[in-house]
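Working notes for the structure below.
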Amino acid sequence: MQLILFFGIFVLMNFLIWVSTNGQLVKDANQGKAMLFCIVSAIPISLLAFYGTRIGYNHLGSAWSVRLAAFGISYMVFPFMTYFYLNESPFNLKTMICIALSFAIICIQVFWPHN
């Protein structure tokens, strides 16, 4: 259950991070609202990172595992958000290899036995 919560928190956090940083690039986006969302979402994003890290550390047992799994999660969220909102395709060789490596990083951190 903690692993699912960890992943869910980091997916939500990365969704909010994407919107807060890249929302300004979305066609017809209101620049004032994009900046306001960035400011308003800063504290919730920080709290998600704080508690997600705590849950991940308790389950995975190391800060490195949390960091690398969080990186992999972020790299899985970003391409889909960018494709959906900015119409930039993740379906090129370089990006697909990076997405596959992100999955590999997550699997190694979650399924490799702890020291």
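Residues: numbered from 1 along the sequence shown. Only this structure's heavy atoms are used, side chains among them; waters, hydrogens and symmetry mates stay out.
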To the nearest 0.5 Å, what is the distance between [atom1] ([X]) and [atom2] ([Y])?
{"X": "Leu68", "Y": "Ser62", "atom1": "CG", "atom2": "OG", "answer": "8.0 Å"}
{"X": "Leu16", "Y": "Leu12", "atom1": "CG", "atom2": "CG", "answer": "4.5 Å"}
{"X": "Phe6", "Y": "Ser65", "atom1": "CZ", "atom2": "OG", "answer": "9.0 Å"}
{"X": "Asn92", "Y": "Ile97", "atom1": "CG", "atom2": "CD1", "answer": "9.0 Å"}
{"X": "Asn58", "Y": "Leu3", "atom1": "CG", "atom2": "CG", "answer": "12.5 Å"}
{"X": "Ser74", "Y": "Met13", "atom1": "OG", "atom2": "CE", "answer": "7.5 Å"}

Candidate pair Phe10 and Val77, rule side-chain contact (heavy atoms from CB on, under 4.5 Å), full reasoning | CA-CA 9 Å; Phe10 272 87; Val77 172; over 6 Å; no
Side-chain heavy atoms nearer than 4.5 Å, only ILVMFWY residues, links allowed to pass through others: does that put [X] and [Y] together?
{"X": "Phe78", "Y": "Leu86", "value": "yes"}
{"X": "Ile17", "Y": "Val26", "value": "yes"}
{"X": "Tyr51", "Y": "Ile73", "value": "no"}
{"X": "Ile108", "Y": "Val66", "value": "no"}
{"X": "Ile9", "Y": "Phe71", "value": "no"}

Phe111 and Ile106: CA distance, side-chain angles, deciding distance, side-chain contact (heavy atoms from CB on, under 4.5 Å) verdict | CA-CA 8 Å; Phe111 299 116; Ile106 290 171; over 6 Å; no
Any side-chain heavy atom of Ile55 sitting closer than 4.5 Å to one from Phe7?
-> no
Does Tyr75 reach the side chain of Leu101, with side-chain heavy atoms less than 4.5 Å apart?
-> no
Which residues pass the side-chain contact (heavy atoms from CB on, under 4.5 Å) test with [X], sequence neighbours left out?
{"X": "Val19", "answer": "Phe15, Phe37, Met81"}
{"X": "Met96", "answer": "Phe91, Ile99"}
{"X": "Ser46", "answer": "none"}

Does a side chain donor of either Trp18 or Thr82 reach within less than 3.5 Å of an acceptor in the other side chain?
-> yes
Minimum heavy-atom distance Pro44-Ser41, with the two atoms named | CD-O, 3.3 Å
Compare every heavy atom of Gly72 with every heavy atom of Ser102, then report the nearest pair and how far apart it is.
-> CB-O, 3.7 Å
Measure from the side-chain N and O atoms of Asn22 to the backbone N and O of Leu25, and report whether any donor-acceptor pair falls under 3.5 Å.
-> no
